[in-house]
Amino acid sequence: MFVVMTVGATEAEILGVKSRILAEGLTPFDHVSGGRTTVAVVGEIGARRPALLERFALLPGVATVTPISRPFKLTSREFHPEDTVIRVLDAAIGDGSLTMMAGPCSVESREQLFETADAVKAAGATILRGGAFKPRTSPYAFQGLGIAGLRLLAEARERTGLPVITEVMEPSQVDIVAEYADILQIGTRNMQNYSLLRDVGRVARPVMLKRGYGATVEEFLMAAEYIVSSGNPNVILCERGIRTFETYTRNTMDLAAVPLLDRLTHLPVIVDPSHATGKRWLVKPLALGGVAVGADGVMVEVHPSPDEALSDAEQQLTLDQFRDMMDAITPLHAYVRGIYAADGAVPA
């Protein structure tokens with residue numbers, strides 16, 4: 001439930017409400033919007049709901065107490081009406097600008113990473129991606145360079161000025177990855193690894209959460225709720241394709257999820273057409289499609305020589321293909337944002 005305070009409620013009144021919530025064995029999370037404070041009541045309420053609604057409504061400074069039927073609360077627009085904007089170095093995600101995350105699937109060498117980083121930066125990328133720890137279906141496939149890869153990513157950040165995003169695969173890796181990376185990525189296989197979600201919720205780094213390939217939108221938002229309720233409000237949602245009966249593509253990209261998520265949540269949403277399609281010739285049209293339906297950004301894989309890549313060779317763009325995609329997507333983004341801003345569908 002949400003406890004909505006009166007406009008101008010005093011700090012003592014707000015603290016009184018939060019103290020009462022804590023006394024009931026629940027957890028309060030407050031958010032200020034339009035001069036009014038809303039306090040989300042998080043925890044197992046059960047049969048106490050009617051009594052708590054009445055009890056909280058009588059507290060000084062309370063305007064209304066609203067039950068909420070959706071299981072996700074802190075990630076909902078009811079609690080946080082305005083868009084969340086996440087700022088990392090010189091990049092901003094969710095402010096209406098185009099976020100472009102680009103780089104190799106796996107960090108393979110200094111030369112490969114630096115050549116890619118220089119090229120994507122010159123073409124307009126705002127964030128550098130690269131895998132140091134790689135979850136692979138086969139135990140015999142290249143698993144990444146590990147800590148050596150993290151150090152190379154940090155060098156590439158110093159070289160280009162681009163913030164770095166890389167995947168963290170297990171709780172024991174959180175601290176070391178957070179030491180080198182600017183954004184922590186939770187991959188599709190770990191979307192419901194609740195121990196990992198709680199741990200990244202306790203670090204001072206934004207988190208990009210990828211949708212599980214078999215997850216519903218509600219399950220996706222509940223996974224994000226784990227991170228936010230653990231103390232980290234800076235979560236980016238990534239639609240990267242879901243598994244369906246179709247076999248011609250690696251996954252099926254759910255473009256409808258983008259405007260749906262924009263209606264349900266205040267968190268920024270990006271799309272990953274590389275993993276959604278598994279084919280480099282499909283990456284550009286799906287990236288354009290993601291931007292057309294209102295995505296805040298795109299993540300793509302780029303490699304100087306994709307056919308020689310140690311992982312995901314078929315879905316990585318060449319440097320020229322990435323430049324070509326940026327030439328097409330930049331004006332489209334400006335045009336689409338103008339349309340959505342005019343009819344109020346997507347905040348600009």
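Of the charged side-chain nitrogens involved, at least one lies within less than 4.0 Å of a carboxylate oxygen, so that Asp199 and Arg202 count as a salt-bridged pair. Ion pairing between Arg70 and Glu78 holds under the 4.0 Å rule for side-chain N and carboxylate O. For Asp83 and Arg77, the salt-bridge test passes: some basic side-chain N is under 4.0 Å from an acidic carboxylate O. Ion pairing between Glu314 and Lys279 fails under the 4.0 Å rule for side-chain N and carboxylate O. Using a cutoff of 4.0 Å between basic side-chain nitrogens and carboxylate oxygens, Glu167 and Lys210 are not scored as salt-bridged. The residues Arg157 and Asp182 are annotated as salt-bridged, a charged nitrogen and a carboxylate oxygen being separated by less than 4.0 angstrom. Ion pairing between Arg151 and Glu155 fails under the 4.0 Å rule for side-chain N and carboxylate O.
Proximity of a side-chain donor or acceptor of Thr265 to a complementary backbone N or O of Thr75 within less than 3.5 Å is detected. Proximity of a side-chain donor or acceptor of Arg129 to a complementary backbone N or O of Met299 within less than 3.5 Å is not detected. Under a 3.5 Å cut-off, the side chain of Thr64 and the backbone N or O of Thr66 do not form any donor-acceptor pair.
Judged as a salt bridge (Lys or Arg N to Asp or Glu O under 4.0 Å), and not counting sequence neighbours, the contacts of Arg250 are Asp312. With sequence neighbours excluded, the residues that form a side chain to side chain donor-acceptor pair (under 3.5 Å) with Arg280 are Asp307.
At a cut-off of 3.5 Å, with distance as the only test, no side-chain donor of Thr277 or Thr249 sits close to an acceptor on the other residue.
Taking all atoms of both residues into account, the shortest heavy-atom contact from Thr116 to Pro304 is OG1-CD, 3.0 Å.
Linking ILVMFWY side-chain heavy atoms closer than 4.5 Å, directly or via other members, places Phe72 and Tyr194 in a single hydrophobic cluster.
Below 30°, between 30° and 60°, or above 60°: for His31 and Phe79 the angle between ring planes is between 30° and 60°, a tilted geometry.
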